[in-house]
Student: 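Input: one structure, supplied below.
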Amino acid sequence: MQLVSNLRRLPVGERVCTLKAMPLNLAQKIELRKLAGDVNSNLLIDRESPCYSILYVNIVRTWRLLLSGLAFLGSLRLWQTQLKLLGGRFGTPVLSYFLFLRTLLLFNILLLLVNGMFLVFPQALDPPAYNSSLHTYSGLHLLTGEGYVSHSVMFYGYYGNTLPGQSCGPAEPEPKVSSAHDIAYQSVCDGVGGPQMAPVAYNIPLSYFFTIVTGLFITCIILVCSISRSFGRSFRVFPSRGKLAETVFCCWDFKVTKKLSVQRQSENISIQLKEQLSEQMCCERGHSFVQRLRLQRVRLLAWAVCLASVFLSGCATYFLAEHMHPDQRLMANVEVDVLRESHLLVLPAVVSSINLLLPGLFHLISRVERYDSPLVATYVSIFRNLLLKVSVLGTLCYHWLWRIASEPESYSLQCWENFVGQELYRLILMDFFCTIINTFTGEFLWRLFSNGVLKRGRRPVFDISWHAVELIYGQTLTWLGVFFAPLLPVVQLIKLLLLFYIKKHSLILNCEGPRKPWRASHMTTVFMALLCFPSFLGAATCVTYTIWTPSSACGPFRNTTTPLEAQKLLWQMVDTSTNPKLFWFSHLVESPLFLFLAAGVFL
Amino acid sequence: MGATASQLGKDVLSEYQELTFLTKQEILLAHKRFTELQSRDSRGNLNPRVPTETILTLPELKSNPFRDRICRVFSTSESKDGLTFEDFLDLLSAFSDSATLEIKSHYAFRIFDFDDDGTLDENDLKKLVNCLTGETDDTRLTPDEMTQLIRNILEESDIDKDGTVNLSEFQHVISRSPDFVSSFKIVL
């Protein structure tokens, strides 16, 4: 045979290699080998070195073991198995929502670590004097941020303005001062005179300023880098044309042995194929000219309705915010504390209900508009939801930073920063409750209603635009509030953790995948871009504006002109201080190299 | 039954080691598992050829949608039913870590060729996609989607435009995918 003569021509070692690589069964290979003249195969082992020497094989195996070990470590990332299940059953849009949730979780963990290590922990070790009249306990306080919560490390007002080597002295009246010398010797032990307390070795005001700024700066770097990476990846994503054969022939993983995992794999492949197919099938429908004209008119009307509703909700928020405060002065006379404090929850409740109800209206409108491609419909919906949130949040920020900050006395507020921090805290909590209400009514109750009363076999579909914009809104609130309430990332962190599990169980229990699966290949990039541009930039602008605003009679910058001025004066002081270690540390923290290294680690 | 499992002779072991992609430990493990399957067989004497149903009780193959095709492809009997130990070694060798891309793609092609005619035609592709997407109604493709998918696959891979995918066209598609070698693996 041709094969046998070819084999005879090769040297003995290579003969074995060639035989091994042939797609024949063992019996045939043994036969061929006999024919090719290798009579005594025993001698082969002693004489020739096999084509894959044992050492080489061992090295390759060890290397493969290491790689699989690393792959296993990589798969230990948070919620990896749950995300695979969700992606396989509900498709890439839902998966991109949960991936975004996980990213936001990491941002909040970062802010928490930075704030906790440099700000909360030092201040917690040196609390200001206990004043029993301020510390009232009530369950409602956890919701409103009043009472004992407002006098804890949670809010701005708690943080002292003591300096290194400073100790508490007897109470003195606090005149308004503007020189560094006077700031340094200001006491924060209100009212309770008495014995000297231990000297403080940590500069709270300086660290407050720099911690918040550094935290936001690192977040900015990480955001920009992840956006550039996502953009790069989006442009490298090849169109699905040319990939279907590859998916069908190569995607089945034969290592999967458990029945459940095999089912999940099948689901995953099925959804992948359906998404890739629908990408090609869309936009193939043609409309006549009259139909298109009619559709355009409907869409223009829909846009007009949406913009009008957004404007009206902005106005409503503004009027409510303005008119809540005079009521507070009246309310100060009300005996019942509970009633007075639940009054504070009215504005967040109204804002959250606007956020809940108007997107429902948008959803109905988009059904009327009948977009061809589900991708375009989702982007339009996201944009509308975003406009709504921007208008509401913008109105509130204007109200807080322009109106309240400039004349806090007209709103009978001693500590406007605390008030803003509390408002943001209440907004975040209300937002969480509204999401739970939406999950319960929109998904659970709707499924029961749909199956029981309407007797339709279909389950509700996950509204990704509303959920994603809710996440962005919550994160914007956190970033806005981190200057006024350094522990706000904790609240957001707990909220996101609970949200993940609630949403996941609700999805699996109540919802079904999209009827026409569509590929959301750029959705993560869009979310991150929206997180950076309106959300983070807006929050950073507000925080920057706050730094330039005069500070009130509480917090680390009390009795100074603005936090920025205070920093300049304090920094001059640090330079001339006798503590070389602090000096060195401050210089290190300030240097851009340190910040970039820190950002690099997180990336 | 007194299963004195026939020990593998040293020369046989070394021959297997040279002609397959398996290491000594893997061959010995395969021998142990195969003997267990033999003893599970209803007939008292240790039949050199284990019937397919018994092979399919292996946990590595039990839930695999391609299990029947795999057993057929590697079987050397006339009726394509049952594997000898050498067939079993061939199976493991093709699915092993060190097997080359050519071997894997060759056997993958034979596994996907449901009618054993040497090419992947429309029916083969339909059965392949149904195996991939599973049994449930949710995951199965609709007839329209199936037609479009097959049309796309043939468009992408059928270079000579004969309406079927032959071995070299199949290997050409496989070579574009970096994941194939790692997913076409079965480890005991």
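Heavy-atom basis, side chains included; hydrogens, waters and symmetry copies ignored. Chain letters run A, B, ... following the sequence lines, proteins first and then strands; every chain starts at 1.
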Student: Checking V262(A) against chain B: side chain, backbone, both or neither under 4.5 Å from a heavy atom?
Tutor: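 When you check distances to chain B, only side chain atoms of V262(A) fall under 4.5 Å.
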Student: Taking all heavy atoms of S182(B) and all of D253(A), pick out the closest pair and write down the distance.
Tutor: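 Answer, listing the atom of S182(B) first, then D253(A): O-OD1, 4.3 Å.
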Student: State, yes or no, whether a side-chain contact exists between L128(B) and F249(A) at a heavy-atom distance under 4.5 Å.
Tutor: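 L128(B) vs F249(A): side chains touch.
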Student: Can you tell whether the side chains of K243(A) and E156(B) come within less than 4.0 Å, N to carboxylate O?
Tutor: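 No salt bridge links K243(A) with E156(B).
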Student: Pick one of side chain, backbone, both or neither for I150(B), based on which atoms fall under 4.5 Å of a heavy atom in chain A.
Tutor: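 Neither part.
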Student: Of all of L273(A), N25(A), I269(A), L24(A), which one pairs up most often with chain B through heavy atoms under 4.5 Å apart?
Tutor: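 Among the listed options, the one with the most contacts to chain B is N25(A).
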Student: Decide yes or no for I174(B) and C250(A): does some side-chain heavy atom of the first lie under 4.5 Å from some side-chain heavy atom of the second?
Tutor: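 Contact flag for I174(B)/C250(A) side chains = yes.
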Student: Is chain A contacted by the side chain of F95(B), its backbone, both, or neither, given a heavy-atom distance below 4.5 Å?
Tutor: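 The side chain, not the backbone.
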Student: Test your reading of the model: is there a side-chain donor-acceptor pair from S183(B) to the backbone of C251(A), 3.5 Å cut-off?
Tutor: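 Not confirmed, S183(B) side chain does not pair with C251(A) backbone.
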Student: Check whether K62(B) gets within reach of chain A through its side chain, its backbone, both or neither, counting any heavy atom under 4.5 Å.
Tutor: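 Contact with chain A involves no heavy atom of K62(B) at all.
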Student: Does the side chain of I30(A) reach to within under 4.5 Å of the side chain of E15(B), using non-hydrogen atoms?
Tutor: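 Contact flag for I30(A)/E15(B) side chains = yes.
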Student: Given the side-chain rings of F254(A) and F66(B), with only the six-membered ring counted for Trp, is the space between their centroids under 6.0 Å?
Tutor: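 Centroid distance F254(A)-F66(B): below 6.0 Å, so yes.
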Student: Show the nearest heavy-atom pair for residues L277(A) and L141(B), with the distance to one decimal.
Tutor: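 For L277(A) versus L141(B), the nearest heavy atoms are CD1-CD2, 4.3 Å.
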